[in-house]
Every structure is written in structure tokens, then in C-alpha cells.
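One structure is given here, and the rest of the page talks about it.
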Amino acid sequence: MPELPEVETVVRSISAHVIGRTILHAEFFSPLVTRSDFKKTAQALCGAIIRGVRRRGKQIFFDLDNGILYVHLGMTGKLLWNTTAGKHARAIISLDSGTLIYDDIRQFGRMEFFDNLPQSFDRAGPDALNIGFEEFYNRLKRRKGQIKPLLLNQSFLSGVGNIYADELLFKARIHPRTSTQRMSKKRAALLHSSLISVLQLAILHRGSSVSDYVDSAGERGSFQNLHNVYGRAGQPCPRCGAAIRRIVIGQRGTHYCPRCQRV
DNA sequence: TCAAATGTTTGATC
DNA sequence: GGATCAAACATTTG
């Protein structure tokens, strides 16, 4: 599923193709994904010049000369460059350099045009790769509840999803149910450094392809081969050999080592 | 054949 | 506001 490392990989693999290019034509097929009038969106994009591509958390922003094209991949969204449109293509955007296809099986993602970004975007938390420890710790201390659901809360921190939450908690040896209020500064520091290092390593491996994630060239990532706990229930912990356990926290499958990660 | 599971965000409710 | 939970959806797995 596209989390920060996957979205970063998509942005990197698409940038060179689209920056500075002009949109010649745009076609949308799904009201769910665009959440607004097709024709209006297509009209706004037609003739627009792409100045740049940015990412914050899992959000992608194409900065245009006349506004912003916002893309969120949801669970199964893909931005594909120069491929043929398949069964689940939701948008086809033709540039003077090639074709950008938005494909999304489950349609939890979105692709929207804005003249200016709405206020609601201000609620997003700081990007998980660009947050320093002091800010991380201060924000953590203001929250109550279990650590794992908080890590998944995008208004607390932008970019962490289910896979990386489990992986970074394993690295920091912190139990996913640990209360935020009871977390010492020392453990918070370990959590913060694990956050940064796990995400950076995942980006080096071009993300995790556990189901159908691919980058804009259709290439799978390889970080799934380095997962320590995610999707490994019943298998031995790479650190201590105990069987990895799978429980449900906040309606999400959660994987951890019962021996390494104590409450 | 049907039910459950998958995991991200939004929006309703407490 | 924050915490919690159902819903949006399509496909795969049991």
C-alpha cells in the first residue's frame, strides 16, 4: 500500500517526465476519484504547465501555472507513465512528453484540481521525514491513547501507514499498545530515530510491494523482503526467534514480537 | 456461494 | 477538539 516511501518513489520516478511539460488533454472516468465535475476539472488542466511535483506525507501535489493538481493514491492508486490504460484507469492525462495514467482498483484515492488549496489541508501533520525530535516529542506529549493508532493519525504525523508503523515500532522495541503518556523521553527518542531510519531505508529499496504497489514505471519495490514483522505472523522474530504475533488495534492488523516489544 | 479480510481517509458520534 | 468507529470500494482468500 502506498505509504510515504512508496509515494516518494512514485514522485521521484515521475518528476523528470512531467516537470516543465504542458498538459494537452485530460480525461476522467470516475466521479469517486475526482469528487467534482469531470468537465470542469479536465478543462482546468487542459493547457496547464506543470511547474513542479511535491510530496507531503502520502499527498502528492502537481504545481501548475494555474492551480494545483492534488493526488492521493489511497490504497490501490497508481500513477503510471506511458502505459496502456487498463480496466481500472480512472484518469488519462496527455502531456506533450507522454501520457500519465491514474489507475485505482478500489477508488479510495483521489485526483482533484484546486485554484488554491482549501484550508482543510492545513490540518495535515508535519511530514514524517522532516520532523525533528523536539517537535515530535512535544506533539506526542499532547496526545492520549495507544502509540500505534497515533502513528497512523495523519493529523499527528503525515506519511506513516500500517506497514511502517509496525516495522518502526519493532525497531524501537516498543509495544504497539504502549500509552503515549507513559512513554519516556528516551523511548520517544528511540521511536523518532527508528521512524527516520526505517523510512529512509525503505525509500532506498523503492518501497514495499506487498500486494499491487508499483512505481510510475510499473516496477515493484523490494523492501517487503526486509520486513521484520509485517505479514510475518507465526514466523520467528529475526532478533530473538520468538513467534511474531498478529493482533488487531484500532481495526488494523498489527504485527509485533511479544518478546522484544514489551508494554 | 458467501463471509471475511485487506488498509486509507472522511465524517459521524460521543 | 480528541478518541473511536463505520463506511466508501474491489478483489482475494477461507
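All chains are named by letter (A, B, ...) in the order of the sequence lines, taking the proteins before the strands, and each is independently numbered beginning at 1.
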* Other residues, nucleotides, ligands: >12 heavy atoms within 6.0 Å of A:Lys40 NZ -> no
* **P-based separation of B:dA12 from C:dC9 [nearest Å]** => 16 Å
* In terms of side-chain heavy atoms of A:Gln154, which of B:dT10, C:dG2, B:dT9 is nearest? -> B:dT9
* Same hydrophobic cluster for A:Leu169 and A:Phe223, using side-chain heavy-atom links shorter than 4.5 Å among ILVMFWY? -> yes
* Asked: Please give, in whole Å, the distance from B:dA5 P to A:Met75 CE?
  -> 14 Å
* Please report, rounded to the nearest Å, how far the P atom of B:dA5 is from the NE2 atom of A:His255. => 13 Å
* To do: Please say which of A:Phe62, A:Phe113, A:Phe121 ends up in a ring-ring contact (aromatic ring centres under 6.0 Å, His included) with A:Tyr70.
  => A:Phe121
* To do: Establish, from distance only, whether the side-chain atoms of A:Glu6 and A:Tyr164 form a donor-acceptor pair under 3.5 Å.
  => yes
* Asked: Hey, are A:Ser30 and A:Gln107 close enough side-chain-wise for a donor-acceptor pair under 3.5 Å?
  -> yes
* Proximal nucleotide (of B:dT9, C:dA3, B:dT10) relative to the A:Lys58 side chain -> B:dT9
Give each protein N/O atom lying under 3.5 Å from an N/O atom of nucleotides 11-14 of chain B, with the pair distance.
none

* Quick one: does NZ or CZ of A:Arg232 land under 6.0 Å from the six-membered ring centre of A:Phe170, within 45 degrees of the ring axis? -> no
* Establish, with yes or no, whether the OP1 or OP2 oxygen of C:dT11 is under 4.0 angstrom from a side-chain nitrogen or oxygen of A:Lys87. => yes
* To do: Would you mind reading off the distance between A:Phe156 atom CZ and B:dT9 atom P, rounded to a whole angstrom?
  => 15 Å
* Structure fact -> To the nearest angstrom, the CG-P distance between A:Leu152 and C:dG2 comes to 17 Å
* Please state how far atom CG in A:Asp104 lies from atom C1' in C:dT11, giving the value in whole angstrom units. => 13 Å
* **Identified side chain to side chain contact (heavy atoms under 4.5 Å, CB included) counterpart of A:His255 within the set A:Ile163, A:Asp166, A:Asn228, A:Ile247** => A:Asp166
* **Secondary structure of DNA chain C in dot-bracket form (Watson-Crick or G-U wobble, distances below 3.5 Å, | marking inter-strand pairs)** => .|||||||.|||||
* Asked: Do the side chains of A:Val10 and A:Ile101 join up, straight or via other hydrophobic residues, at under 4.5 Å, putting them in one cluster?
  -> no
* A:Ser208 and A:His227: side chain donor to acceptor below 3.5 Å -> yes
* Please report, rounded to the nearest Å, how far the P atom of B:dT9 is from the CG atom of A:Asn162. => 11 Å
* Asked: Quick one: do A:Leu151 and A:Val229 end up in the same hydrophobic cluster if we chain Ile, Leu, Val, Met, Phe, Trp and Tyr together by side-chain heavy atoms under 4.5 Å apart?
  -> no
For nucleotides 4-8 of chain C, give me every protein contact, N/O to N/O, under 3.5 Å, one pair per line with atom names.
| from | atom 1 | to | atom 2 | distance (Å) |
| --- | --- | --- | --- | --- |
| C:dA6 | N7 | A:Gln251 | NE2 | 3.2 |

* To do: Verify the contact: side-chain N or O of A:His88 to OP1 or OP2 of C:dT11, cut-off strictly under 4.0 Å; return yes or no.
  => yes
* Asked: Which whole-number value in Å describes the distance from A:Gln107 CD to C:dT11 C1'?
  -> 13 Å
* Find the distance A:Asp103:CG to C:dT11:P and express it as a whole number of Å. => 11 Å
* A:Thr254 and A:Lys148: side-chain donor and acceptor closer than 3.5 Å? -> yes
* Asked: For A:Asp104 and A:Thr76, does a side-chain donor sit closer than 3.5 Å to a side-chain acceptor?
  -> yes
